[in-house]
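To start, the structure under review is shown below, and the notes come after it.
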There are 2 protein chains.
Amino acid sequence: MSDMPSCQFESRPRRIVIGAGGAQTDFCTTCSVRPTSVCSVIGPDDISRLSEAAVETIIPPGRGFIEEGAPATDFFNVTSGTVKLFKALPDGRRQITGFASPGHFLGLAVSDNYAFGAEAVDTVRVCRFSRDKMADLLDDFPKLERRLLEEASNELVAAQNQMLLLGRKTARERVASFLLDQMHASQLPGQENGGRLHLPMTRGDIADYLGLTIETVSRTLSWMRSQGMIEVGKGYAITILSVAKLDVLAAGNS
Amino acid sequence: MSDMPSCQFESRPRRIVIGAGGAQTDFCTTCSVRPTSVCSVIGPDDISRLSEAAVETIIPPGRGFIEEGAPATDFFNVTSGTVKLFKALPDGRRQITGFASPGHFLGLAVSDNYAFGAEAVDTVRVCRFSRDKMADLLDDFPKLERRLLEEASNELVAAQNQMLLLGRKTARERVASFLLDQMHASQLPGQENGGRLHLPMTRGDIADYLGLTIETVSRTLSWMRSQGMIEVGKGYAITILSVAKLDVLAAGNS
DNA sequence: CGGGTAGTTGATGGTCATCAAGGGGGGTGG
DNA sequence: CCACCCCCCTTGATGACCATCAACTACCCG
C-alpha cells in the first residue's frame with residue numbers, strides 16, 4: 001500500500017486544434033465539468049490559455065498520484081472518477097480526509113510539499129497544471145483567485161463537519177452521516193434517484209474515512225439493513241430506504 | 001452552555017485621528033498583529049481604509065460572539081487572546097475545531113450563515129469587519145484575496161492533521177500532539193522558552209478539541225507526568241520536560 | 001481449480017466513556 | 001475574616017463500544 005510507486009502518470013498532452021479562421025478551439029470548451037469547476041471563471045475568449053496550461057491525465061484505479069510530503073509540483077482538477085485524499089501515520093494507520101469528485105480542485109497548499117496523499121478510487125481523469133503555469137493564470141485572472149478562495153472555504157466547512165463526526169459521533173451516526181452526504185453529493189440539483197447510491201469506494205476506504213474499522217462499517221451497514229433503513233446490493237450499490245431514519249441517526253440519536 | 005446569549009459585543013468604534021498635515025493616523029498603524037495578519041497586505045498609504053472598516057471589540061472570557069447557524073454578518077481578526085471555534089450536535093456534544101490566536105482571521109464562509117460557533121477563551125480583542133466593507137476591501141485590494149487564500153490553505157492543512165488525530169490516534173498520541181502543537185504555536189521564531197507553556201483553555205476545552213473526555217485528558221496528563229515527560233503546574237501552566245518522548249508518542253508509538 | 005481480494009459474521013478483549021467521590025482555588029456575602 | 005459555593009481538576013470503579021482476531025463466503029481472474 002505504501003510501497004506502491006506513486007506519481008506515475010499516463011499523460012497525453014492536450015491537442016490544440018487550429019480552426020479555419022486561426023481561432024483556437026480545444027478540449028476545455030467541451031469539458032463536462034467546466035461549468036461547475038474553477039475553470040468556469042475563465043471566459044470563452046481566454047479559454048485557450050487554460051488549455052495550454054492543462055495536461056489531461058488518466059489514472060487507473062488504486063494508483064497514487066500525490067505522495068504525502070513530496071514536492072508540490074502540480075495542481076489537479078478532477079474531471080471524472082473519484083479520488084481519495086489521505087494522511088498516514090508511520091505505522092500505516094491511515095485517515096482519508098476527503099473524496100474528490102469531478103469538478104474538485106486539488107493541491108491547495110502554501111507549503112512546497114504536499115500535505116496529503118491522493119489515490120484514484122476508480123478510473124480517474126484529471127487536468128494537471130504545473131505550479132508555474134498556475135501562478136501565471138492566477139496573476140492574469142483575478143477571478144480565479146476568488147473562486148479558489150470559495151473552493152477552499154467550502155472544503156473548510158466540510159472539514160469542520162468531518163471533525164465533528166470523527167471526534168464526537170458514534171459508529172452508527174458516522175455511517176448514517178456518510179450515506180446522507182453521499183446521497184446529496186450524487187444528486188444533481190433538482191434530480192431524485194430513489195435513494196439509489198453507487199459508492200465507488202471499498203469498505204476499507206469508508207472505514208478509513210470515518211475513523212472506524214472495516215468490520216464495524218460492515219456490521220453497521222448490516223444493522224441498518226436489519227432496521228429497514230437501507231438495502232445493500234451487490235458490488236457497491238446501496239439503496240436508502242428511509243432518509244428520515246438516517247437523518248435521526250446522523251443528527252445524533254444513538 | 002447553549003443558552004448563553006451570544007453576539008453581545010462591547011464595541012468601541014475606532015477613533016480616526018486627524019494629524020497636523022491632514023494625514024490620517026489611526027489604530028491600525030500601531031496594531032501589534034498587523035505584521036502577521038492578513039492586514040499586512042494593505043500598505044501604509046491605504047491603511048486608513050482599513051481603519052475605517054474595522055471596529056475593535058473586546059470580548060470577556062466565556063462569551064460567545066459567533067453562533068453556529070446565525071446569519072454571517074461579520075468577519076473578525078483576532079488581535080489578542082484566544083478564541084475557540086466549535087460545532088455542536090443537538091444533544092450538546094461539542095467538537096472544538098480549532099483555537100484562533102492573535103493574527104487569525106475568522107469568518108471564511110461562502111454560505112450566508114456561520115458554519116461554526118466562536119467563543120472567547122480568555123479576554124479577547126478582535127477587529128470586526130462587516131460583510132459589505134470586507135467585500136469592498138476585497139474588490140480594491142487583490143492582494144488581500146491572495147492572502148486569505150493562503151490563510152484558508154493553512155487552515156485546511158491544520159484541519160487535515162486534526163482529522164488524522166481524531167480518526168486514528170490514541171488518547172496518549174492526541175494529547176502529545178496537542179502539547180507539541182501548542183509549543184510550536186507559542187514559540188515566536190527564534191525563541192525558546194524552556195518548554196514552558198501557558199494553556200489558556202480548560203481541560204474541558206482540550207477534551208472537546210481532542211475528541212476525548214475531561215477525565216481522559218486529566219488521566220493522560222497525569223500519566224505523562226509519571227513518565228517524566230511533562231510537569232503540571234498550578235493553573236494552566238505545563239512544562240514540557242522531554243520533547244523527544246512526546247515526539248515519539250505523537251508520531252504514533254502507543 | 002487455485003489464489004487473491006472484498007465482504008460478512010462471530011468471539012473476545014482493550015481503550016476510553018461514564019458514574020462517582022473528593023480536593024483545591026477564587027469569588028461573593030454574611 | 002471566614003463560610004459557603006461553584007467551578008475546575010483529579011482519581012477510582014465499572015462498563016460500553018468498538019477494535020482485534022478469526023473463520024467463512026462470494027467473486028473475480030488467471
Side-chain angles (χ1 to χ4, degrees), chain A residues 1 4 60-62 84 89 91-95 119 121-122 165-176 178 198-226 230-238 249 252-254, chain B residues 1 4 60-62 84 89 91-95 119 121-122 165-176 178 198-226 230-238 249 252-254:
Chain A
M1 187 180 296
M4 169 180 307
K84 56 185 171 197
L89 291 170
D91 64 1
R93 278 175 285 172
R94 202 178 59 153
Q95 178 65 36
E119 191 176 310
V121 172
D122 44 14
L165 181 149
L166 292 170
R168 289 303 181 208
K169 289 189 181 178
T170 66
R172 288 175 181 179
E173 291 163 2
R174 292 181 201 202
V175 175
F178 171 73
H198 177 81
L199 305 178
M201 68 289 287
T202 67
R203 297 282 186 273
D205 289 336
I206 299 175
D208 280 347
Y209 181 56
L210 299 180
L212 301 169
T213 59
I214 294 181
E215 294 93 324
T216 299
V217 170
S218 181
R219 265 187 259 275
T220 305
L221 289 174
S222 297
W223 175 82
M224 287 176 171
R225 183 164 38 102
S226 78
I230 63 172
E231 214 169 83
V232 182
K234 297 250 170 205
Y236 295 87
I238 285 185
L249 256 189
N253 303 77
S254 171
Chain B
M1 184 180 299
M4 169 179 308
K84 55 186 171 196
L89 291 170
D91 65 1
R93 278 175 285 172
R94 203 178 56 154
Q95 177 65 36
E119 190 177 310
V121 173
D122 44 15
L165 181 148
L166 292 170
R168 289 305 182 206
K169 289 190 182 179
T170 67
R172 287 174 182 179
E173 291 163 2
R174 293 182 200 201
V175 175
F178 172 73
H198 177 81
L199 305 178
M201 68 289 287
T202 67
R203 297 283 187 271
D205 288 335
I206 298 175
D208 279 347
Y209 181 55
L210 299 179
L212 300 170
T213 59
I214 294 181
E215 294 93 325
T216 299
V217 170
S218 181
R219 266 187 258 275
T220 305
L221 288 174
S222 297
W223 175 83
M224 287 177 171
R225 182 163 40 103
S226 78
I230 64 172
E231 214 169 83
V232 182
K234 298 247 172 209
Y236 296 86
I238 286 186
L249 257 189
N253 303 76
S254 164

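Keep in mind that this is a model prediction, so the values were computed, not measured. Here is the naming used below: chain letters follow the sequence lines, and residue numbers restart at 1 for every chain.
Atoms CG (L212(B)) and P (dT18(C)) sit 11 Å apart, rounded to a whole Å. With rounding to whole Å, D208(A) atom CG is found 15 Å from dC18(D) atom C1'. To the nearest angstrom, C1' of dT8(C) lies 18 Å from CH2 of W223(A). For the pair M201(B) CE and dC7(D) C1', the interatomic distance rounds to 18 Å; values are reported in whole Å. What separates CG of L221(B) from C1' of dC8(D) is a distance of 13 Å, to the nearest Å. Rounded to whole Å, the distance from CD1 on I238(B) to P on dT10(D) is 8 Å. Nucleotide dC18(D) holds its P atom 17 Å from the CD1 atom of I214(A), rounded to whole Å. Atoms CZ (R203(B)) and P (dG24(C)) sit 16 Å apart, rounded to a whole Å.
OP1 or OP2 of dT9(C) has at least one side-chain nitrogen or oxygen of S222(A) nearer than 4.0 Å. At dA19(D), one or more side-chain N or O atoms of T216(A) fall inside 4.0 Å of OP1 or OP2 (strictly under the cut-off). Here R225(A) reaches the OP1 or OP2 of dT9(C): one of its side-chain N or O atoms lies under 4.0 Å away.
Heavy-atom nearest nucleotides on DNA chain C were determined for G211(B) and for E215(A), and the one closer to the 5' end corresponds to E215(A).
Taking CE of M201(B) as the start and CG of D122(B) as the end, the distance is 8.5 Å to the nearest 0.5 Å.
Of the candidates T220(B), L166(B), V175(B), I206(B), L212(B) forms a side-chain contact (heavy atoms from CB on, under 4.5 Å) with just one, namely V175(B).
Residue T213(B) has its side chain nearest to dA17(C) when only dA19(D), dA17(C), dC8(D) are considered. Closest to the Y236(B) side chain, of the nucleotides dT11(D), dA6(C), dC9(D), is dC9(D). Nearest to the side-chain atoms of K234(B) among the listed nucleotides dT10(D), dG25(C), dC9(D) stands dG25(C).
Using a 4.5 Å cut-off on side-chain heavy atoms (C-beta onward), D205(B) and R94(B) make contact.
Distance alone, capped at 3.5 Å, places no donor-acceptor pair between the E231(B) side chain and the I238(B) backbone.
Of all heavy-atom pairs spanning R168(A) and R93(B), the tightest one is O-NH1, 2.9 Å.
The base of dG10(C) is paired with the side chain of R219(A) by a donor and an acceptor separated by under 3.5 Å.
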